[in-house]
Amino acid sequence: MKKKVENSKNKERFANKVLEWYDRNRRVLPWRALPHEKSNPYHVWLSEIMLQQTGVGTVIPYFLDFTQKWPTIRELAAASEQDILTAWAGLGYYSRARNLHRCARVVVSDYNGVIPCSVDELIKLPGVGDYTANAIHAIAFDEPSNVVDGNVERVMARMTAYETPFPAGKKGIKATAKEFLPSSRHADYAQSLMDLGSMVCTPKNPKCDACPVQLLCMANQMEMAETYPKREPKKKIPNHTMTAFVLTRLSDGAVLMHYRDKNAMLGGMLEVPSTPWGVKQSCPVEQPFDYAPDNALQWLRCDDTVRHVFSHFALSVTIYKASCDGINAGDAKHEWIKPENFDRKPIPTLTKKILAIGLL
DNA sequence: TAGTCGTGGAA
DNA sequence: TTTCCAAGACT
């Protein structure tokens, strides 16, 4: 009984100490309201989508570009999907961009352009899952919500020396996080925990000496912070190979490209003609030139190859290049695109790497 | 529920 | 160089 009361007090101390730390170390971020300033739900939503599995430093320039191009959610909804994908190019996880666009249109058509505040409504929106719904609820509207991302999971696992390995243990850690929720300053608390996780309670070399809750942290007491959270060993990703063909038009230097299927990986983004992916190294495509735009051309193999690592496989790309007078572009999906227009088109990093070699 | 979805920074 | 993994969602 006495111990339970003690635990309860420690949980209050935890939130207070984290919030005090936040007040002293508060970062200025483009989407973050200043103290005593009201946050912009559009900015909070947009940033939360961009920040999914993506670092703050990577997101900032994209966020600034998006809010300059589309200052309100109505303007974002009015844009074309291709313009959204073009602006998103390089950020990865392109279904986020397509869902972002769909979500903006739903908010305009079903919610009169006003982002809903309840978790129940938020979670129905495209691209908004459990985490993001709670994050918007807390950060944009200062409502109580259990906002648990990878940072919070790590902080909580260390606080309680949580032994169940992730990802199986993630459900239990969310219940733990709920125990620590304060009764006020919901927006600040959510952001303070994530900042603490990304700045102090880091995955490697955690700065326990600088941590405001080091005396409450069980992992720190054992000097074992870095060993939490425990994780199941990861599976290795396979290596695949691909051959890509960079065909240049002599008259203006335009390159033959086409849009990938919207439901495929890199959906809606541009690529050059290529052999299929997912072909294991032990079983290469027998006749790569069957996939060339014109296998009668003089294809020159580039010395450099491209290696690109996706989430669940790696790709080694052999590149051939050729020039022509103006071959017919085949089906309507194909397009000749001039290099000076590359930054106006949705070109993912893989394609950019291939073009950089193929246009040498 | 486990696999599918990018990319780049850090150690 | 390799490995990890980040303010996850969707199926």
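Letters go in sequence order (proteins before strands), and every chain restarts at 1.
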Classify K236(A) by what it touches in the nucleic acid, base, sugar-phosphate, or nothing, heavy-atom distance under 4.0 Å.
nothing
P atoms of dA7(C) and dG3(B), separation to the nearest Å:
23 Å
Answer with base, sugar-phosphate or nothing: what part of the nucleic acid does G267(A) contact at a heavy-atom distance below 4.0 Å?
nothing
In terms of ring plane angle, is the pair W88(A) and F66(A) parallel, tilted or perpendicular, where the classes change at 30° and 60°?
perpendicular
If we take the C1' atom in both dG8(C) and dT1(B), what is their distance in whole Å?
15 Å
For N99(A) and N151(A), find the nucleotide of DNA chain C closest to each by heavy atoms; which residue's nucleotide sits nearer the 5' end?
N151(A)
C1' atoms of dT1(C) and dG8(B), separation to the nearest Å
16 Å
Look at R185(A) together with D23(A) and state whether they make a salt bridge at an N to O cut-off of under 4.0 Å.
yes
From CD of E153(A) across to P of dG8(C) the rounded distance in Å is 8 Å
Is any side-chain heavy atom of T227(A) closer than 4.5 Å to a side-chain heavy atom of M222(A)?
no
Under 4.0 angstrom, heavy atoms only, what part of the nucleic acid is L29(A) near: base, sugar-phosphate, or nothing?
base
Drop me the distance from W45(A)'s CH2 to L76(A)'s CG, to the nearest 0.5 angstrom.
5.0 Å
Outermost DNA chain B nucleotides near chain A [under 4.0 Å, heavy atoms]:
dG3(B) to dA11(B)
With sugar-phosphate meaning primed atoms plus P, OP1 and OP2, does R154(A) contact a base, only sugar-phosphate, or nothing at under 4.0 Å between heavy atoms?
sugar-phosphate
Base, sugar-phosphate, or nothing: which does P167(A) touch, judged by heavy atoms less than 4.0 Å apart?
nothing
Flag the pair E163(A) and K230(A) as a salt bridge only when some basic side-chain nitrogen lies within less than 4.0 angstrom of an acidic carboxylate oxygen.
yes
Does anything in residues 191-212 of chain A pair up under side chain to side chain donor-acceptor pair (under 3.5 Å), and if so which pairs, sequence neighbours excluded?
R27(A)-D195(A), R32(A)-Q191(A), R32(A)-D195(A)
Using atom C1' of each nucleotide, how far apart are dG6(B) and dC4(C) to the nearest Å?
15 Å
Using a cut-off of 6.0 Å, state whether more than 12 heavy atoms not belonging to D343(A) lie near its atom CG.
yes
For L266(A), answer base if it contacts any base atom (sugar-phosphate contacts may also be present), sugar-phosphate if it contacts only those atoms, and nothing otherwise; contact means non-hydrogen atoms under 4.0 Å.
sugar-phosphate
Mind listing the residues from residues 41-66 of chain A sitting with a heavy atom below 4.0 Å of DNA chain C? Number order is fine.
E48(A), L51(A), Q52(A), Q53(A), V56(A)
Could you tell me if the ring centre of F313(A) sits under 6.0 Å from that of F310(A)?
yes
Under 4.0 Å between a side-chain nitrogen and a carboxylate oxygen: does that hold for D83(A) and K69(A)?
no
Upstream residue (5' side of DNA chain C) when D195(A) and G127(A) are each assigned their closest nucleotide:
D195(A)
